[in-house]
Amino acid sequence: MAAGAAVPVISAGEDLPADQTSASSEPPSLFDGTTRYKQVKYIPRLHIHHVGLHFLLLSCRLYVAYHCPYAQRVWIARNCKGLQGKIKIVALDLVDRPAWYKDKVYPENKVPALEHNKQVKGESLNLLKYIDDNFDGPELLPHDSAKKMFAEELLAYSDSFNASAFFSCLRFMGDVTDEAVAAVDKIEAALGKFSDGPFFLGQFSLVDIAYVPFIERLQISYSGIKNYDIVGGRPNLGRFIEEVNKINAYTQTKLDTQVTLDIIKEKFGVP
């Protein structure tokens, strides 16, 4: 998405920035969301009186691409914790990404990345736990030992699920593979383990945040490309999708369905 273009999020609930591209020579200046130093004037509500001095502003940045499911994970967690005023979104165009991102922010040159306390961290699953552990807001994991153990099992499996059900299946031009069906069936079974709610641990948690961006894309791509209904014969998955779409912290990160499908088709070379 070119700088200045409309953000393709359906209902963000906040003003989101346009993508930063190679045309931007420096990271954006964000007064209330930067971990960098900058010159400031007197601002009454912050009691800053010294014009021209430098202050360290104790907020941070989350670098994302709006269409990236890994970045969406961390974006959802940020929303769940109510950190919209603390963690500011910086959106990148991954096709035409700015040079400063690799040179000055994150040498790995991937999203998501979180800039906090003068450090930059990456890897979406690690960032989910980091945000839950280091910021105020509702806890995203239960204290129940059995649920915590199951959470770790599911988080460890998430990459295998994504590979089997999403990436490898969409690279294959035929029907949905047996491997993909088995992976989705495993999710159906996992969603039935606890009876106190429709989510993986009963109540909405960090585990749901890890999976829902990929389940969202799975449903869109299987329907639009494979003519396959992932909730058919899977009542737990159907209920999960119905209930998660009632959670604003998630729906505020969703793109238009057709936009998502078009991105997936382009990525996998589907006409």
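Each residue takes its place number in the sequence, starting with 1.
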Before accepting this row, confirm whether a basic side-chain N of the pair Lys246/Glu243 lies closer than 4.0 Å to the acidic partner's carboxylate O. yes
With a 4.5 Å cut-off on side-chain heavy atoms, are Cys169 and Tyr228 touching? no
Heavy atoms, side chains only, cut-off 4.5 Å: are Phe135 and Tyr130 in contact? yes
State the CG-NZ distance between Asp262 and Lys265, to the nearest 0.5 angstrom. 6.5 Å
Under 4.5 Å between any side-chain heavy atoms of Asp208 and Phe240, yes or no? yes
Is there a donor-acceptor contact under 3.5 Å from the side chain of Glu179 to the main chain of Ser164? no
Can you tell which of Thr257, Thr260, Val231 makes a side chain to side chain contact (heavy atoms under 4.5 Å, CB included) with Gln219? Val231
Gap separating the CG atom of Leu62 from the CG atom of Leu83, nearest 0.5 angstrom: 10.5 Å
Greater than 12 external heavy atoms within 6.0 Å of Asp133's CG: yes
Side-chain heavy atoms of Asp19 within contact of Asp96, under 4.5 Å: no
Using a strict cut-off of less than 4.0 Å between a Lys/Arg side-chain nitrogen and an Asp/Glu carboxylate oxygen, indicate whether Glu152 and Lys129 qualify as a salt bridge. yes
Measuring only between side-chain heavy atoms, which start at C-beta, is Val90 closer than 4.5 Å to Pro17? no
Gap between atom CZ of Arg234 and atom CG of Asp229 - 0.5 Å precision: 8.5 Å
Scanning both residues in full, the closest heavy-atom pair of Gly122 with Leu127 reads O-CG, 3.8 Å
Would you say CD of Glu123 has more than 12 non-hydrogen atoms from neighbouring residues, nucleotides or ligands within 6.0 angstrom? no
Within the structure provided, determine whether Ile263 and Leu255 are in side-chain contact (heavy-atom separation under 4.5 Å). yes
Any side-chain heavy-atom pair from Leu154 and Tyr211 closer than 4.5 angstrom? yes
4.5 Å side-chain heavy-atom contact, Arg217 and Ile220: no
Specify the closest pair of heavy atoms between Ala210 and Leu125, including all atoms of both residues, with the distance to one decimal. CB-CD2, 3.9 Å
With clusters defined by side-chain heavy atoms of hydrophobic residues (ILVMFWY) lying less than 4.5 Å apart, directly or transitively, does Val95 cluster with Tyr66? no
With rounding to the nearest 0.5 angstrom, report the CG to NZ distance, Leu92 to Lys110. 14.0 Å
Using only atom types and a distance under 3.5 Å, with no angle test, would you say the side chain of Asn117 pairs donor to acceptor with the backbone of Gln119? no
With a cut-off of 6.0 Å (strictly less than), are more than 12 heavy atoms of other residues, nucleotides or ligands near CG of Asp103? yes
In Å and rounded to the nearest 0.5 Å, what is the OH to CD1 distance from Tyr222 to Ile230? 8.0 Å
So, the side chain of Ser205 versus the backbone of Leu141: is there a donor-acceptor pair under 3.5 Å, distance only? no
Applying a strict under-4.5 Å side-chain criterion to I, L, V, M, F, W and Y, I'd like to know whether Phe167 and Val176 cluster together. yes
Whether Asp132 side chain and Leu140 backbone form a donor-acceptor pair below 3.5 Å: yes
More than 12 foreign heavy atoms under 6.0 Å from CD of Glu266: is that the case here? no
Candidates Tyr101, Trp75, Tyr70 - the one meeting ring pair (Phe, Tyr, Trp, His ring centres under 6.0 Å) with Tyr63: Tyr101
Asp178 atom CG, over 12 foreign heavy atoms within 6.0 Å: no
Considering only residues two or more places apart or on different chains, which pairs with a residue in residues 62-79 satisfy salt bridge (Lys or Arg N to Asp or Glu O under 4.0 Å)? Glu14-Arg78
Establish, for the pair Lys147 and Phe194, whether the NZ or CZ atom is under 6.0 angstrom from the six-membered ring centre and no further than 45 degrees off its axis. yes
Distance (rounded to the nearest 0.5 Å) between Lys121 NZ and Glu108 CD: 13.5 Å
For Asp175, does the CG atom sit with more than 12 other heavy atoms under 6.0 Å from it, leaving out its own atoms? no
